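Before any comments, here is the structure.
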Amino acid sequence: MSDKSPQQASQKAPLKKGDRLYLIDGSAYIFRAYHALPPLTRKSDGAPVGAVSGFCNMLWKLLADVNDDAVKEMGTPTHFAVIFDHSSETFRNEMYTEYKANRDEPPDDLKPQFAMIRDAVRAFGLPCIELQGYEADDLICTYARQAEQLEAETIIISSDKDLMQLISEHTIMYDTMKSRRIGVDEVIEKFGVGPEKMIDMQALIGDSVDNVPGVPGIGPKTAAQLLEEFGTLENLLENAEAIKQNKRRESLIEHADNARLSKKLVTLECNVPIEAEIDDFVVTPFDHARLIEFLEEMEFTTLTKRVRTKADQAGADVPEPSAPAAAPAPDTKPIDRDAYETVFSPERLREWMARTRERGHLAVDTETTGLDCMTARLVGVCLSTGPGEACYVPLTHGGEGLAFDDEDVGKQMKLEDALAILKPVLEDASVLKIGQNFKYDMLLLSRYGIDVAPIDDTMLISYALDCGINGHGMDELADKHLGHTCIKFTDIAGTGKKQKTFDQLVIKEAAPYAAEDADVTFRLWQALKPRLVSERMATLYATLERPMPAVISAMEREGVKVDCDVLSRLSSEFNQRMGAHEAAARELAGEDFNLGSPKQISDILFGQMGLPGGKKTKTGAWSTSADVLDDLAAQGYEIAREIVNWRQLSKLVGTYTDALQKDLNKDTGRVHTSYSLASTTTGRLSSNDPNLQNIPIRTEDGRKIRTAFIAEEGNVLVSADYSQIELRLLAHIADITSLKQAFSDGVDIHAMTASEMFGVPIAGMDPMVRRKAKAINFGIIYGISAFGLANQLGIPRGEAKDYIDAYFEKFPGIRQYMDDTKKTAMTHGYVETVFGRKTHTPNIKAKIPAQRSYAERQAINAPIQGSAADIIRRAMIRMPYALARSKLSARMLLQVHDELIFECPADQANDTRELVKQVMETACDPVLKISVPLVVETGAGLNWDEAH
DNA sequence: TGGGCGCCTCAGG
DNA sequence: CCTGAGGCGCCCAA
């Protein structure tokens, strides 16, 4: 054993005589569990988890079940570690390239489980041991031999015969699947020789699976007989001449070298340069909360229950683990910008990757030439393996001709070299990648051929925890959680027209800024991730947040095809008509003015022309909004009509027909919006650059814009939208029997509301009456106020109040729901959706009544809007998998709150519509039963207008 | 002169 | 109620 300083040693528990060291052969277990256990998938997202489940059950039994056969027989572990193979290449390949060469790739539904199993080990608070270039067996050998010298008992959990050479008086194996102990006697019984002869035995018989040659014609029986007679392999080979049987003798002589090589291959290395020591493996009390978080995330309900029961018995703090001792509070060094390394050589980068694999996690941040990740180029990569352990890897600084002098530019490693080193780690299922707004980096890296997985996103963790309390940008989070002020990008790159892109920065100056981002991201992860458990948001995060970056970045990268010619034609049509309105308005005003300026309009109308003003704006000016101008137009003031018409067209040109053409990506010929995953307080997404969630539909002119969104040749657009989802959720959440019945019967919900409120029959109903009821239904969802409804319907406040009263009279359950929701917000400070997403409502206790009412309306709206958002998220997360399973090549392109747009080959339109509908309608299954049917309507067409 | 920012208005759900 | 975008107009710095 290497010697350690006393301080370090005192924190450990040295292995001593009589202690029991359990070593799990993790890699072998994974394969066996995968094949032996029935396939099991996680309900929420269909991820395969069978092997993980088996693994967790085994760990739990060994560590916590006093009645477990193995533990009863072997005794409770004092030290415990799980050992994994690191990669397929080991030192054995250097002496024999064919070694394990015919191993197949693990099956697709096993691969993702490797990472999960490592997560499981960590969740159990156990060390996860692996080392580059060595097999798990070598590490096990090294540790077992060390334990042997200390006369401790070693229990190797495996049934691999390669490990049988380790068996001795103090070292045994245990096969948990067969509940079978394998000691010296068992080896002799099975192979006819003792464990000390196992190496020679294997060298003779070989192993076809691992490509160990052995000696042809010699099997276990013969080998045992020969070893019995000659003692050792070497002795046997030297005296092979003496063997009587012709075949056997000749084969041994001919293949003596193979036998010797085989011996080397099967001999385990017991002097591996280990990094973790046995003393570190001491079993410590469970962090039940951490384990439960993981198990819940995996949706292992039975085991979760078991652990909970045990935790309760032990009086453990679940779900509120608070004791500082329990919380992993690593002594975090303060942020030091000068301490970061700038990585120039592939060798150094490889070393960072080696450290990453040891840690099992890596914070990643990319630096690029711009904010649009569909056009930006990669400039550098920032990495952090732990707090303060960060580096910057500059790659393409000074890209296109140097506008400055930077001696470091020439030292940068080649982009493709760096990517080749990074890719295996970024894609390694056993290394967790951590990012802040990771969707951006993932999309960028996907353009460079790297699919980052698995991931955590600090922005989304913050969103799950603190929605409604603060924003979720890195600078704000760093300030709040780390008390650290980040360097702003504009501080180093300047601002405005002269702002530099990242590649134009001097590396020495850029590096601290860049590396800091990765460091901060890592520290934020440390600060925020444990809260998911203690605040019981782990499942929400795992099911509704964590999967989003991958799904959304795929959509963004896909983009949607836009026909520029259609947009141009519309632009000129609208411009022409605007000209006519503008001329008419000026004629009527008798002077020139800017129709785009509310201030000038107000001056003309309410000043010079003396028209009656309606509403005032927040700042006290007369409003010129559309409904005010509509009123004036209705009173016969033509100028108001002209202004309204001009404005509408101006909006369409400025925001859509002209603007969208600029958003066309030159490489793809498509428009790629960006979805913001954490900018709403309800769980909705928002779309920007350009916003494709507010493409007009309500007016005829506006709808023409939708005809410019088209499908690729031979394809169609498929649209699928939830019908009335928010009202349905209101009926479910507030538990309104009559509403639920109406939805089950499939009646016209607004007409039904009108009929109830005003006592008129549905058949032959006045459309105006229905319109009122519809406005009220929407008002209810928004946490109605008489003021708002009056505004909406253009009726006096008193009348609006009468309607609301009539509504509450007919649906008393809704008033009840509203009161209850306000109460919840008051007592808890938050409201939540059907899936447990929280929106915090800090203003609910505001002194100012207007502020408080506003907060109350938010509180009423958030659970409804948010539940709908959760449901469509679930559908989106499942969609890629569902499409693939149905062998459909449809791509999901857009989300507009209750609608999803796909593009698919024309001949798959019907199948796609059917599948999409099915997935969306069953999105709540199986965790939640909604008491109203969710109905999805679909359409298909050559453009978005036709598809809708 | 030009960048930054608040305001108003309006597109969608 | 939840959003994002564009234009205007004001303020401030260079």
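Fair warning: this is a prediction, and the values are worked out from it, not measured in the lab. In the text below, chain A, chain B and the rest are named by the order of the sequence lines, each starting its count at 1.
Under 4.0 Å is where a charged nitrogen must lie from a carboxylate oxygen, and between K704(A) and D945(A) no such pair does. A salt bridge is absent between E573(A) and R569(A): the closest approach of a Lys/Arg side-chain nitrogen to an acidic carboxylate oxygen does not fall below 4.0 angstrom.
T681(A) has a side-chain polar atom (N or O) that falls below the 4.0 Å cut-off from OP1 or OP2 of dT3(C). OP1 or OP2 of dG12(B) lies within a sub-4.0 Å distance of a side-chain N or O belonging to R698(A). For the pair S679(A) and dG4(C), the criterion of a side-chain N or O lying under 4.0 Å from OP1 or OP2 is met. Remark: Q600(A) is in phosphate contact with dG9(C), judged by side-chain N or O atoms under 4.0 Å from OP1 or OP2. For dC8(C), the OP1/OP2 oxygens have a side-chain nitrogen or oxygen of N594(A) closer than 4.0 Å. Residue R684(A) places no side-chain N or O under 4.0 Å from the OP1 or OP2 atom of dG13(B). The phosphate of dG7(C) has neither OP1 nor OP2 within less than 4.0 Å of any side-chain N or O from S597(A). For the pair Y854(A) and dC2(C), the criterion of a side-chain N or O lying under 4.0 Å from OP1 or OP2 is met.
Counting only heavy atoms from C-beta on, Q858(A) has its side chain closest to dC2(C) among dC2(C), dG13(B), dA5(C). The side chain of K651(A) has dA11(B) as its nearest neighbour among dA11(B), dT3(C), dG12(B). Listed candidates were dG12(B), dG13(B), dA5(C). Nearest to the side chain of N688(A) is dA5(C). Comparing dG9(C), dC2(C), dG4(C) by their nearest atom to the side chain of S686(A) picks out dG4(C).
Because its NZ or CZ atom is not both nearer than 6.0 Å to the ring centre of W622(A) and within 45° of the ring axis, K615(A) does not count as a cation-pi partner of that residue.
The CH2-P distance, from W646(A) to dT9(B), rounds to 13 Å in whole Å. When the C1' atom of dC2(C) is taken as reference, atom CG of N843(A) falls 16 Å away, rounded to whole Å. Following rounding to the nearest Å, I601(A) (CD1) and dG9(C) (C1') show an atom-to-atom distance of 14 Å. Atom CD1 in I695(A) sits roughly 11 Å away from atom P in dG13(B) (whole-Å rounding). We find that CD1 of I781(A) is positioned 15 Å from C1' of dG12(B), with the value rounded to whole Å. Going from atom CD of Q895(A) over to atom P of dC2(C) covers 18 Å, rounded to whole Å. N777(A) places its CG atom 18 Å from the P atom of dC1(C), with the value rounded to the nearest Å. Taking atom CD of residue E899(A) and atom P of nucleotide dC2(C), one finds them 22 Å apart after rounding to whole Å.
In this pair, H840(A) and Y830(A) present their aromatic rings perpendicular. The plane angle is above 60°, beyond the 30 to 60° band.
Residue L692(A) is classed as having no contact, given no heavy-atom separation below 4.0 Å to the nucleic acid. Counting non-hydrogen atoms under 4.0 angstrom, N694(A) reaches a base of the nucleic acid. Within 4.0 Å (heavy atoms only), S650(A) reaches no atom of the nucleic acid at all. Residue contacts for A659(A): at a heavy-atom cut-off of 4.0 Å it reaches the sugar-phosphate backbone alone, with no base atom in range. Nucleic acid contact class of G783(A) (heavy atoms, under 4.0 Å, all strands): none.
The side-chain hydrogen bond (donor to acceptor under 3.5 Å, both in side chains) test with E642(A) is passed by exactly one of H581(A), R586(A), R647(A): H581(A).
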Would you be so kind as to tabulate the donor-acceptor pairs closer than 3.5 Å made by side chains of residues 677-684 of chain A, with sequence neighbours excluded?
{"residue": "S679(A)", "atom": "OG", "partner": "S676(A)", "partner atom": "OG", "Å": "2.9"}
{"residue": "S679(A)", "atom": "OG", "partner": "S686(A)", "partner atom": "OG", "Å": "3.0"}
{"residue": "T680(A)", "atom": "OG1", "partner": "Y463(A)", "partner atom": "OH", "Å": "3.1"}
{"residue": "T680(A)", "atom": "OG1", "partner": "G683(A)", "partner atom": "N", "Å": "3.2"}
{"residue": "T680(A)", "atom": "OG1", "partner": "R684(A)", "partner atom": "N", "Å": "3.1"}
{"residue": "T680(A)", "atom": "OG1", "partner": "R684(A)", "partner atom": "O", "Å": "2.7"}
{"residue": "T682(A)", "atom": "OG1", "partner": "R684(A)", "partner atom": "N", "Å": "3.4"}
{"residue": "T682(A)", "atom": "OG1", "partner": "Q865(A)", "partner atom": "OE1", "Å": "2.8"}
{"residue": "R684(A)", "atom": "NH2", "partner": "E726(A)", "partner atom": "OE2", "Å": "3.3"}

Checklist line | Test log, rule side chain to side chain donor-acceptor pair (under 3.5 Å), inputs D372(A) and T375(A) | finding: CA-CA 6 Å; D372(A) 172 8; T375(A) 53; 3.1 Å; yes
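Surrounding CD of Q576(A) are at most 12 heavy atoms belonging to other residues, nucleotides or ligands under 6.0 Å away. Taking a 6.0 Å sphere around NZ of K500(A), one finds it holds 12 or fewer heavy atoms contributed by other residues, nucleotides or ligands.
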Set out, line by line, the N/O atom pairs under 3.5 Å between protein and nucleotides 5-8 of chain B.
{"residue": "dC8(B)", "atom": "OP1", "partner": "T617(A)", "partner atom": "OG1", "Å": "2.7"}
{"residue": "dC8(B)", "atom": "OP1", "partner": "T619(A)", "partner atom": "N", "Å": "3.3"}
{"residue": "dC8(B)", "atom": "OP1", "partner": "T619(A)", "partner atom": "OG1", "Å": "2.3"}

